Number of protein chains: 2
Amino acid sequence: MAPVFGEPPAYVRVADDLRRRILGGELPPGSKVPSRAQLAAEYGVSTNISLQAMRVLTAEGLIEGRPGSGTYVRDTAVMQRLVRAWYRDARGGSPFAAETRAQGKEPGWQSASEFRVPVPESVALRLEIAVGEPCVRTDYTFTADGKPVMLSTSWEPMAVTGGTPVLAPEDGPLAGSGVVDRMRSIGHEIVRVVEAVGSRPALTVEATRLGIAVGLPVIAIERTYWTAERPVETADIVIPAERYQVVYEFPVGSR
Amino acid sequence: MAPVFGEPPAYVRVADDLRRRILGGELPPGSKVPSRAQLAAEYGVSTNISLQAMRVLTAEGLIEGRPGSGTYVRDTAVMQRLVRAWYRDARGGSPFAAETRAQGKEPGWQSASEFRVPVPESVALRLEIAVGEPCVRTDYTFTADGKPVMLSTSWEPMAVTGGTPVLAPEDGPLAGSGVVDRMRSIGHEIVRVVEAVGSRPALTVEATRLGIAVGLPVIAIERTYWTAERPVETADIVIPAERYQVVYEFPVGSR
DNA sequence: TCGAATTTGTGCGTATGTATC
DNA sequence: GGATACATACGCACAAATTCG
């Protein structure tokens with residue numbers, strides 16, 4: 001049948017109705033979606049239309065096909081929350097550990113630093129330094145109960161930390177402390193943090209480290225710590241979007 | 001030809017190679033992608049495989065078909081920022097307008113309210129009310145220079161605003177003001193806001209309203225305003241992730 | 001100006017392989 | 001082993017839009 005001008009294509013019609021049935025609770029999570037043949041009969045279309053409609057819902061993450069078995073409504077993943085409250089850094093210490101323990105999971109992380117790394121342009125702009133300036137780059141993998149939940153790549157100009165005991169975040173007297181404490185110990189008082197939150201498909205390297213499929217959306221946060229004068233640290237933080245929300249909380253009305 | 005076990009399907013192979021050519025610069029933004037017939041000849045597959053491969057890349061937002069003309073590599077959009085600073089709501093007024101003007105664009109919005117809507121479970125949990133309680137639901141479409149940039153669906157319990165002049169956000173003496181001002185005028189002092197930021201593929205209805213392809217990632221924010229006692233408003237905010245970052249800024253170190 | 005060719009978008013029927021029950 | 005279901009793949013057809021001679 002040729003598409004009819006002026007109304008949505010058949011596969012969109014079927015997808016929309018299936019979505020309505022799923023979101024409306026008629027087809028709860030875990031339940032089996034009618035097979036292609038059944039859908040074709042129900043809606044008076046060919047099985048290829050059922051297929052196309054199901055592909056749309058699969059791309060939306062609503063359903064999941066299991067060959068030979070059937071197509072099922074995906075479980076509404078219990079969203080974990082990563083809290084980034086306004087008061088978070090005010091207390092010092094490493095934010096991630098406290099957050100994770102508060103949710104009853106055991107935090108952990110691995111990190112590795114590289115020194116005198118020439119800073120790439122995108123990072124140089126954020127740190128307000130010249131392209132190629134030497135920096136300390138530190139790669140983190142954060143885990144909760146042993147499973148990776150967050151990646152972070154941190155950049156600090158050698159001009160700031162060079163020759164100090166806190167040159168490498170994982171060494172020295174303040175190992176494991178947050179950026180705020182480390183910077184304060186060498187005379188840089190951090191007064192604000194800016195987080196730019198975006199979302200994009202996971203790169204191959206990120207997907208591997210996080211144990212997810214390539215191309216699934218991740219939440220990408222560009223975080224920059226500022227003293228009164230200048231940015232002193234910036235980091236690219238990557239979180240699998242499917243499992244996590246990032247929660248910001250701040251006060252209102254104190255004027 | 002039947003799929004060969006152990007290696008990726010033909011349409012994935014074609015999609016992967018096309019993606020490589022696009023990201024590698026061989027096919028720059030704006031350039032024309034080979035037609036279905038050309039691709040089929042190039043890769044030795046049927047035109048349906050070309051079609052399926054192109055559908056994958058379309059879903060990823062890399063290419064865009066123009067009927068009768070061809071398929072083109074999409075322009076890499078410039079990333080705009082939506083600022084949600086800690087001090088934002090402290091000043092009153094509508095946050096979106098000021099933010100947008102600050103970036104040199106003309107803000108606008110349409111809204112429509114519906115009354116005595118029984119609240120669905122997901123929203124009831126956030127508002128800490130019983131499922132089915134009557135609420136005012138308001139749908140917003142926010143625009144910058146006439147182009148839609150943000151959707152929002154707001155929920156307010158009738159138990160809070162019923163019988164007051166600010167029942168509908170777009171009517172009354174404080175039309176166009178922010179939630180904080182409207183609530184204060186009826187004796188509810190908002191003291192904090194919580195925003196849970198996630199990312200997921202766009203639903204069809206959202207993609208249509210935002211003018212993006214279905215399935216492209218959107219940033220989904222669940223925002224809830226709290227008085228000292230209870231949540232009084234919650235909203236689902238949807239922003240195309242491709243074009244926007246959401247920026248949070250807050251102070252550090254005042255302890 | 002008009003019509004033919006091209007291209008995308010949509011839709012149907014069929015065949016085959018593999019997984020599950 | 002057989003029935004069912006999903007995933008992949010091909011060939012064909014047609015409508016609408018664009019392009020070009």
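Computed from a prediction, not measured in an experiment: that's the story for all the values here.
With dT18(D), dC12(C), dA17(D) as the candidates, the nucleotide lying closest to the side chain of Val45(A) is dC12(C).
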(message) Pair Val33(B), Val73(B) - check side chain to side chain contact (heavy atoms under 4.5 Å, CB included), show working.
(response) CA-CA 7 Å; Val33(B) 177; Val73(B) 179; 3.9 Å; yes
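Atom CD1 in Ile63(B) sits roughly 8 Å away from atom P in dG9(C) (whole-Å rounding). Across the protein-nucleic acid pair, Leu51(B) atom CG and dG11(D) atom P stand 14 Å apart, rounded to whole Å. Computed from coordinates, the Gln52(B) CD to dC6(D) P distance equals 16 Å when rounded to whole Å. For the pair Tyr43(B) OH and dA9(D) P, the computed distance is 15 Å after rounding to whole Å. In this entry the distance linking CZ of Arg66(A) with P of dT20(C) reads 10 Å, nearest Å. Taking atom CG of residue Asn48(B) and atom C1' of nucleotide dT8(D), one finds them 11 Å apart after rounding to whole Å. Distance Met54(A) CE to dA5(D) P: 10 Å, rounded to the nearest Å. Put simply, OH on Tyr72(A) is 15 Å from C1' on dA7(D), counting in whole angstrom units.
At distances below 3.5 Å, at least one donor-acceptor pair connects side-chain atoms of Gln38(A) with backbone N or O atoms of Ser35(A). In terms of modelled atom types and a separation under 3.5 Å, the side chain of Thr100(A) and the main chain of Lys105(A) share no donor-acceptor contact.
Between Thr234(A) and the options Arg126(A), Arg223(A), Glu222(A), a side chain to side chain donor-acceptor pair (under 3.5 Å) holds for only Arg126(A).
Shown for residues 30-39 of chain A: residues whose heavy atoms fall under 4.0 angstrom of DNA chain D, namely Ser35(A), Arg36(A).
Defined by atom type and a distance below 3.5 Å, a donor-acceptor pair is missing between the side-chain atoms of Arg137(A) and Thr153(A).
Look at Glu42(B) and Arg36(B) and you find no salt bridge, because none of the NZ, NE, NH1 or NH2 atoms lies under 4.0 Å from a carboxylate O.
Distances shown here put a side-chain N or O of Ser46(B) below 4.0 Å from the OP1 or OP2 atom of dC10(D). Applying the 4.0 Å criterion to OP1 and OP2 of dT8(C), one finds that Thr71(B) has a side-chain N or O inside that range. Side-chain N/O atoms of Tyr11(A) include none lying less than 4.0 angstrom from OP1 or OP2 on dG11(C).
Cation-pi contact between Arg66(B) and Tyr72(B): present, with separation from the ring centre below 6.0 Å and deviation from the ring axis of at most 45°.
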